[in-house]
Amino acid sequence: MPQPLITIRDAQRTVLEATTRLDPEPVDIEHALDRVLATALTAAGDVPPFACSAMDGYAVIADGQQGRLAIVGESRAGTPSEHTINAGETIRISTGAALPPGATAVVRQEDVSRNGETIELQVSPEPGANVRHPGEDMRAGTPVLAAGTQLEAPHLGAAVAAGAGSVIVTRRPKVSVLCTGDELRAPGEALGPGEIHNSNAPMLAALAIHAGAAAGSPQRLPDDAAATEAGLAAALEAADVLIVTGGVSVGPHDHVRPALSRLGVEQHFWGVSLQPGKPTWFGTHEETLVFGLPGNPVSAAVTFSLFVNPALATMLGTEAPRPPAKQARLSTAVPRNPAREQAIRIRLEQTTSEPAATPNGPQGSHILTSLLGADALALIAPGDGDLPAGTLVELAHLAT
Ligand code: AMP
Ligand code: MG
């Protein structure tokens with residue numbers, strides 16, 4: 001690995017400089033959950049589209065007159081009354097039904113006494129009482145959702161109310177996950193001597209999907225130069241983002257870098273001043289981003305969070321996810337790495353001032369349980385000895 005190692009920020013900048021936004025495509029509203037809007041969505045018409053009632057009751061002319069009113073019709077949701085109200089008249093009206101011509105207010109049915117086909121008002125309504133005005137929620141032609149919005153349930157409701165049947169979203173990045181290692185067995189398989197389960201495969205595919213990408217089934221590659229090259233070549237064909245785990249270090253069975261080089265993938269950096277995650281490799285092949293992440297699962301999750309997640313957000317044209325707070329105070333002393341910045345998995349606890357950060361158990365790069373229930377990464381600058389309790393540290397998003 002080259003010395004000195006690139007810093008986390010320089011590595012992030014390098015990745016983002018090589019990343020471009022993907023093309024927009026239309027998608028039906030029913031398939032738009034979690035997609036990212038490529039263009040702002042404006043209201044096609046006023047919402048509500050017409051003056052309507054906010055209550056079940058009686059549409060009236062609010063002229064301060066009391067006395068009996070004759071019920072001359074009904075306006076139901078979806079079936080407006082066409083009768084124009086005259087003095088002394090009222091029209092029965094349901095919530096959401098169009099206000100009949102001439103009416104200026106609605107009196108709740110609780111506020112009238114009904115006698116056959118007449119009513120007597122027990123209140124004197126102001127003009128506009130219990131009336132929903134056209135455009136009160138959205139005005140025709142005005143923006144409702146900004147470009148870059150990741151569509152959650154309320155956004156879908158608002159888009160449909162605004163008149164959309166489909167939306168223009170950014171194409172999902174296609175992510176291929178390749179896990180190298182002779183020792184890896186598929187989830188649930190019995191382990192032979194020296195073997196471990198391929199925990200990176202489902203975890204990284206899930207991280208990619210949570211970040212808004214489309215991830216196919218992860219592939220396993222043996223620690224063999226030819227097989228590594230063939231597997232990488234096939235994946236490069238189809239992917240916008242190729243994530244390879246393991247095999248990027250300096251061991252005799254680490255075949256990923258030479259294979260990528262033979263395939264013409266241009267190296268942008270190899271080796272980050274980061275613990276865990278030092279052997280992280282990044283390169284590009286035409287528009288495809290290639291991340292070589294370390295094999296240790298915690299290193300893979302941390303480097304995904306720091307480098308892959310922001311790239312996926314940029315491809316999608318949305319904001320990179322942020323940690324719950326910018327900074328937190330260490331609740332306990334943390335041993336420093338003399339040379340590299342550390343990204344420790346922490347739990348956050350809200351105190352009266354800033355949140356308190358507590359390491360989420362042992363921090364070894366093979367300790368997968370340190371990811372469980374962690375709220376963020378705390379970035380610990382290199383140095384000698386412990387960083388004392390009470391120190392304010394910067395937080396980074398931990399992808400889940
Ligand atoms: P490597 O980066 O290939 O040297 O692997 C570093 C460590 O991570 C080794 O202990 C590997 O067994 C382990 N490892 C590599 N790939 C995976 C994987 N897909 N799932 C779980 N552990 C892995
Ligand atoms: Mg390996």
Side-chain angles (χ1 to χ4, degrees), residues 1-2 5-6 11 175-210 215-232 234-235 239 241-261 265 267 269-283 290-308 337 340 342-343 345 361-372 374 398-400:
M1 240 158 280
L5 305 169
I6 188 172
V175 172
S176 288
V177 176
L178 297 179
C179 296
T180 71
D182 284 340
E183 74 279 32
L184 302 177
R185 285 290 153 265
E189 258 182 33
L191 298 179
E195 294 178 343
I196 60 168
H197 287 122
N198 185 355
S199 43
N200 281 346
M203 181 177 69
L204 286 167
L207 287 172
I209 289 166
H210 266 183
S217 292
Q219 310 264 320
R220 189 191 71 88
L221 297 177
D223 289 319
D224 165 86
T228 301
E229 187 173 333
L232 289 170
V241 176
L242 181 53
I243 301 174
V244 197
T245 73
V248 284
S249 212
V250 292
H253 307 293
D254 292 337
H255 299 291
V256 170
R257 287 181 316 107
L260 288 171
S261 161
V265 181
Q267 175 179 318
F269 63 78
W270 176 42
V272 181
S273 179
L274 166 64
Q275 183 191 28
K278 182 178 172 188
T280 304
W281 189 97
F282 173 68
V290 181
F291 293 90
L293 305 185
N296 271 309
V298 175
S299 314
V302 166
T303 51
F304 181 97
S305 305
L306 292 174
F307 308 119
V308 186
N337 180 304
R340 281 180 284 150
Q342 288 179 87
R345 281 72 65 212
Q363 296 289 318
S365 59
H366 59 301
I367 306 289
L368 256 172
T369 50
S370 72
L371 295 171
L372 306 181
L398 174 64
T400 53

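Everything quoted here is computed from the prediction, not taken from an experiment. Each ligand, and each atom within it, is numbered from 1 in the order the structure gives. Just the heavy atoms: all of them, side chains too, but no hydrogens, waters or symmetry mates, feed the values below.
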Heavy atoms under 4.0 Å from ligand 1: which residues qualify?
-> Cys179, Thr180, Glu183, Leu184, Ile196, His197, Asn198, Ser199, Asn200, Thr245, Gly246, Gly247, Gly295, Asn296, Pro297

ring-ring contact (aromatic ring centres under 6.0 Å, His included) filter on Phe291, not counting sequence neighbours, yields Phe282

Is there side-chain contact between Trp281 and Val256, with heavy atoms separated by less than 4.5 Å?
-> no

Between Gln275 and Asn337, is any side-chain donor less than 3.5 angstrom from a side-chain acceptor?
-> yes

All pairs passing side chain to side chain donor-acceptor pair (under 3.5 Å) where residues 178-198 contributes a residue, at least two apart | Arg185-Glu195

Indicate every side-chain donor-acceptor pair of residues 292-304 with a distance under 3.5 Å to a residue at least two apart or in another chain.
{"residue": "Asn296", "atom": "ND2", "partner": "Ser365", "partner atom": "OG", "Å": "3.2"}
{"residue": "Thr303", "atom": "OG1", "partner": "Ser299", "partner atom": "O", "Å": "2.7"}
{"residue": "Thr303", "atom": "OG1", "partner": "Ala300", "partner atom": "O", "Å": "3.2"}

Side chains of Arg340 and Ser273: is there a donor and an acceptor less than 3.5 Å apart?
-> no

